[in-house]
Amino acid sequence: MSLHLEHLNPEQLAAVTLPDQHALILAGAGSGKTRVLTTRIAWLLKSGAVSPAGVLAVTFTNKAAREMLARLTAMLPVSPRGMWIGTFHGLCNRMLRAHHREAGLPQSFQILDTADQLAAVKRLLRGANVDEDRFPPKDMQYFFNARKEEGLRAGEVPVSDAIARRHVELYAAYDAQCQREGVADFAELLLRSYELLRNNEVLREHYASRFRHILVDEFQDTNRLQYRWIRLLAGTSARVFAVGDDDQSIYAFRGANVGNMAEFERDFGVQKVIRLEQNYRSHGNILDAANALIAHNRNRLGKNLWTATGEGERVRVYEGESDVEEARFLVEETQALAREGRRYADMAILYRSNAQSRVIEHALFGAGISYRVYGGLRFFERAEVKHALAYLRLAANADDDTAFLRVVNFPARGIGARTLENLQDAARARGASLHASIDALGGKAGGALAAFRALIGSMREQTRGLQLAETVEHVVARSGLVEHYRAERDGADRVENLSELVTAAAAFDVEEATAGLETGQGDVEAVPVDPLTAFLTHAALEAGEHQAGEGQDALQLMTVHSAKGLEFDAVFLTGLEEGLFPHEQSVMERDGLEEERRLAYVAITRARHRLYLSFAQTRMLHGQTRYNVPSRFFDEIPEGLTKWLTPRFAGRRRAAVPSFAPAQAAPKLKGFGRPEGAGGFRIGQNVTHNKFGAGVIVDAEGHGNDARVQVNFGRQGVKWLAVGVAKLQAA
DNA sequence: GTGAGGCCCCTTTTT
DNA sequence: GGGGCCTCAC
């Protein structure tokens with residue numbers, strides 16, 4: 001076994017070879033975090049401190065788990081089987097399947113993804129006659145998940161007023177509905193697994209004595225419940241090795257709690273905090289820009305990245321007149337880089353929000369540059385695939401009401417809203433599932449429902465004993481989905497995806513997916529595995545890689561969030577405008593600006609050799625033109641590190657431009673379409689005012705000297721000024 | 001019961 | 001500008 005310890009720097013080596021104790025590793029961007037994590041595991045095994053079965057390593061994404069597994073496999077002489085390596089949800093799922101009885105779940109319980117959960121919540125609210133304007137389904141979904149992530153069941157949530165009481169009642173009803181239907185949402189996987197360990201001493205002791213070493217990746221992204229789960233699992237004897245970077249915490253909005261890092265230090269009495277500060281990715285100027293920016297955050301554990309690779313090029317800055325101009329610049333510049341011999345796949349265009357990609361895509365498409373957009377719908381989330389999966393879920397468990405409602409009338413088979421309302425009433429009255437309540441309805445509607453029940457029944461019968469792929473093929477064929485989509489104008493892709501689903505089932509390795517689940521007879525963790533359930537679980541927990549364009553030389557487009565963990569030779573960080581980045585809605589939130597700054601930090605540290613920052617004076621967003629002020633983040637990067645490709649702020653007196661300036665959406669031009677309308681001024685023009693400083697005209701009315709213009713002065717506010725009175729000057 | 005057109009809203013995202 | 005959802009007309 002070759003660990004190549006000689007290639008590690010002193011801090012990395014210290015982390016890898018740390019004696020038997022808890023540790024917190026503050027691993028800066030590009031500091032070799034994954035390498036340290038995997039080498040640590042290999043070192044523990046090699047030194048005989050632990051056997052593979054005593055190791056549990058947990059990550060956030062399937063991708064990170066796969067990466068870790070691949071590196072370990074390459075490093076170890078033996079297969080890493082026996083170790084528990086996976087995502088929080090994957091590991092909790094595994095535990096719940098093994099101990100489903102103790103956890104109070106059916107062995108083949110189904111997992112609701114976010115969309116399934118929302119559908120289930122809507123159904124609940126409608127059934128309970130809840131006013132959806134007062135209790136929006138999305139808000140309720142958020143409420144349930146937030147409580148679960150705090151580890152609270154309905155009975156434990158403090159109630160202060162009537163509204164809160166209603167929330168809690170609905171929370172209880174939602175959980176009861178899930179329980180009745182034998183389904184669990186994502187947060188439930190964690191909470192149920194946590195409760196299982198908490199309430200069952202035998203199991204807790206079993207796992208506490210099994211896992212000697214627990215390693216946690218991206219620790220800054222853990223939420224409170226995940227942290228408590230780790231604490232419980234570690235018990236008093238396991239050692240926890242937590243790796244994270246508080247400066248890269250960008251998921252507070254979905255419950256991540258950076259505070260877990262400090263809490264971990266305290267709760268576990270961590271003796272050793274190791275900082276990995278040498279960056280192996282970026283050139284000096286890029287790193288200095290990142291460091292200078294993040295230094296503006298107050299709440300930091302403190303860390304300063306350095307590099308031995310030299311300062312490299314300056315950070316290039318570009319100002320466009322419009323988003324279209326900015327996109328044109330991106331096209332020209334990436335083409336120029338390509339001519340110099342760089343691969344498009346080594347360049348990335350990053351943006352704050354997905355809506356920004358459209359203009360860029362349009363320009364790239366026009367120029368014939370092949371590109372790949374990350375994010376968006378993934379394979380198992382596509383409507384047609386989810387429909388097919390719903391039929392499969394019903395074949396496995398006919399009481400799955402979410403799946404039932406999804407396809408009972410898709411393709412259309414004459415079962416309308418009225419019929420379903422009646423059926424739901426009947427089911428509620430009996431406390432039974434929809435499927436089990438079909439007999440309650442007679443007449444024509446009852447007949448159509450009975451036919452559907454027969455279809456599901458025959459799917460179940462006829463797939464008994466078949467291989468997984470045959471099962472999927474049979475169910476897809478009988479569902480009528482293929483005929484339905486064939487008849488649609490643009491249905492070809494969907495038909496294609498349905499056959500792709502059969503292929504995915506054939507390629508699905510049941511053995512691998514369930515490795516270690518079916519252990520020896522009498523083993524406490526043993527669990528019989530049904531391939532269909534394994535496949536459906538895989539579909540829910542791993543929505544599928546973004547397909548298409550993998551491996552070809554395509555320019556990479558993605559949000560800053562999805563760029564985390566990746567690196568590129570050249571990075572274009574676009575749309576650096578107040579209101580967009582930092583986003584106006586974040587600026588309002590507590591600690592929101594700091595998270596935006598960390599986001600910018602993550603973006604900047606993705607670049608190896610070359611970094612571009614760009615912004616535009618005007619941008620079309622949500623169908624309206626907005627006139628923007630450059631991002632305050634420009635003020636936070638020392639001038640000496642940058643090189644402006646356009647005149648610095650194009651004549652704007654940057655110093656006077658305030659750092660808080662929510663972007664203004666300009667109303668439709670009120671008879672003010674001509675460029676020189678209001679006393680020589682035009683919308684979008686930069687102006688200065690003696691008292692308010694620099695600003696930009698966002699609206700106007702009237703003509704000549706009677707005209708009034710609305711000016712966005714950023715922090716000084718937005719003012720209407722009479723052109724004839726206010727001494728406005730063109731900037 | 002079904003499909004077409006109107007209306008609303010609009011960060012970030014993994015499991 | 002555009003996608004999802006709802007209402008309305010057949």
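In the text below, chain A, chain B and the rest are named by the order of the sequence lines, each starting its count at 1. For clarity, every value in this text was computed on a predicted model and none was experimentally measured.
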Q: Round to the nearest Å and state the distance from A:Leu118 atom CG to B:dT13 atom C1'.
A: 15 Å
Q | Over 12 non-hydrogen atoms of neighbours within 6.0 angstrom of CZ in A:Arg224 | A | no
**Q.** P spacing across the pair B:dT13 / C:dG4, given as an integer number of angstrom
**A.** 16 Å
Q) Do you know which of A:Asp116, A:Leu189, A:Leu96 makes side-chain contact (heavy atoms from CB on, under 4.5 Å) with A:Ile111? A) A:Leu189
Q) Considering only heavy atoms, which members of residues 121-138 of chain A lie under 4.0 Å from some atom of DNA chain C? A) A:Lys122, A:Arg126
Q) Closer to the 5' end of DNA chain B via nearest nucleotide, is it A:Ala355 or A:Thr87? A) A:Ala355
Q. Within this structure, what is the CZ-to-C1' distance between A:Arg94 and B:dT15, rounded to whole angstrom?
A. 17 Å
Q | Given A:His89, A:Glu542, A:Arg97, the one that forms side chain to side chain donor-acceptor pair (under 3.5 Å) with A:Thr537 | A | A:Arg97
**Q.** Heavy-atom contact window of chain A on DNA chain C, given 5' to 3' at under 4.0 Å
**A.** C:dG1 to C:dC6
(Q) Is it the case that the side chains of A:Asp400 and A:Gln110 hold a donor-acceptor pair, with the cut-off being a distance below 3.5 Å and no angle test? (A) no
(Q) Under 4.0 Å, heavy atoms only, any strand: does A:Asn409 hit a base, just the sugar-phosphate, or nothing? (A) sugar-phosphate
Q.
Base, sugar-phosphate or nothing for A:Phe253? Non-hydrogen atoms, less than 4.0 Å.
A. base
Q.
Using whole Å, what does the distance between atom C1' of nucleotide B:dT14 and atom CG of A:Leu541 come to?
A. 11 Å
Q: Among the candidates B:dG1, B:dT12, B:dT15, find the nucleotide nearest to the side-chain atoms of A:Thr559.
A: B:dT12
Q) Between A:Gln141 and A:Asp185, does a side-chain hydrogen bond (donor to acceptor under 3.5 Å, both in side chains) hold up when you go through it step by step? A) CA-CA 11 Å; A:Gln141 179 184 26; A:Asp185 57 57; over 6 Å; no
Q | Residue pair A:Phe535, A:Leu501: steps toward the side-chain contact (heavy atoms from CB on, under 4.5 Å) verdict | A | CA-CA 11 Å; A:Phe535 183 64; A:Leu501 181 64; 4.0 Å; yes
Q. Between A:Ser353 and B:dC10, does any side-chain N or O lie under 4.0 Å from OP1 or OP2?
A. no
Q: Mind checking A:Ala187 for me? I need base, sugar-phosphate or nothing, with any heavy atom below 4.0 Å counting as a touch.
A: nothing
Q. Any side-chain N or O of A:Asn223 less than 4.0 Å from the OP1 or OP2 oxygen of B:dT14?
A. no
Q. Are A:Tyr194 and A:Arg228 linked by a side-chain donor-acceptor pair shorter than 3.5 Å?
A. yes
Q) So which nucleotide from B:dT11, B:dT2, B:dT14 ends up closest to the side chain of A:Glu589? A) B:dT11
Q. Any cation-pi pair here, A:Arg372 with A:Tyr374, using under 6.0 Å and within 45°?
A. yes
Q.
I want to check one thing: is the phosphate of B:dT15, taken as OP1 and OP2, less than 4.0 Å away from some side-chain N or O of A:Arg378?
A. yes
Q) Rounded to whole angstroms, how far apart are CD on A:Gln356 and P on B:dT11? A) 11 Å
Q | Reference residue A:Glu594; test side-chain contact (heavy atoms from CB on, under 4.5 Å); the match among A:Ile294, A:Val258, A:Asn297 | A | A:Asn297
**Q.** B:dT14 phosphate, OP1 or OP2, under 4.0 Å from A:Asn62 side-chain N/O
**A.** no
Q) Below 3.5 Å, does any donor atom in the side chain of A:Arg352 face an acceptor in the base of B:dT11, or the other way round? A) no
Q) Does A:Thr419 place a side-chain N or O at less than 4.0 Å from the phosphate oxygens OP1/OP2 of B:dG1? A) yes
Q: Hey, which sits more toward the 5' end of DNA chain B by its nearest nucleotide, A:Gly414 or A:Ser562?
A: A:Gly414
Q) Can you check the A:Gln585 CD to B:dT11 C1' distance for me, whole Å? A) 6 Å
Q. Between atom CD in A:Glu596 and atom P in B:dT11, what is the gap in whole Å?
A. 13 Å
Q | A:Glu321 CD: over 12 foreign heavy atoms closer than 6.0 Å | A | no
Q: Could you give the distance separating C:dG3 and B:dT14 at their C1' atoms, to the nearest angstrom?
A: 22 Å
Q: Would you mind calling B:dT11 syn or anti? Take O4'-C1'-N9-C4 for purines or O4'-C1'-N1-C2 for pyrimidines, and syn is within 90° of 0.
A: syn
Q: May I ask you to check whether A:His484 and A:Phe410 place their ring centers less than 6.0 Å from one another?
A: yes
Q: May I have the distance from A:His89 (atom NE2) to B:dT13 (atom C1'), rounded to whole angstrom?
A: 12 Å
**Q.** Candidates B:dT15, B:dT13, B:dT11 - which lies nearest the side chain of A:Asn354
**A.** B:dT13
Q: Could you go through the ring-ring contact (aromatic ring centres under 6.0 Å, His included) check for A:Phe615 and A:Phe581 one step at a time?
A: CA-CA 10 Å; A:Phe615 63 102; A:Phe581 201 178; over 10 Å; no
Q) Which part of the nucleic acid does A:Ala417 contact within heavy-atom distance under 4.0 Å: base, sugar-phosphate only, or nothing? A) sugar-phosphate
Q) Can you find a donor-acceptor pair, distance only, under 3.5 Å between A:Thr114 side chain and B:dT15 base? A) yes
**Q.** Residue A:Arg418, side-chain atoms from C-beta onward, closest of B:dT13, B:dT15, B:dG1
**A.** B:dG1
Q.
Please classify the nucleic acid contact of A:Tyr251 as base, sugar-phosphate, or nothing, using heavy-atom distances under 4.0 Å.
A. sugar-phosphate
(Q) When you compare the ring of A:His561 with the six-membered ring of B:dT12's base, are the centres less than 5.5 Å apart and the planes under 30° from each other? (A) no
Q.
From CD of A:Glu542 over to C1' of B:dT14, roughly how many Å is that when rounded to an integer?
A. 11 Å
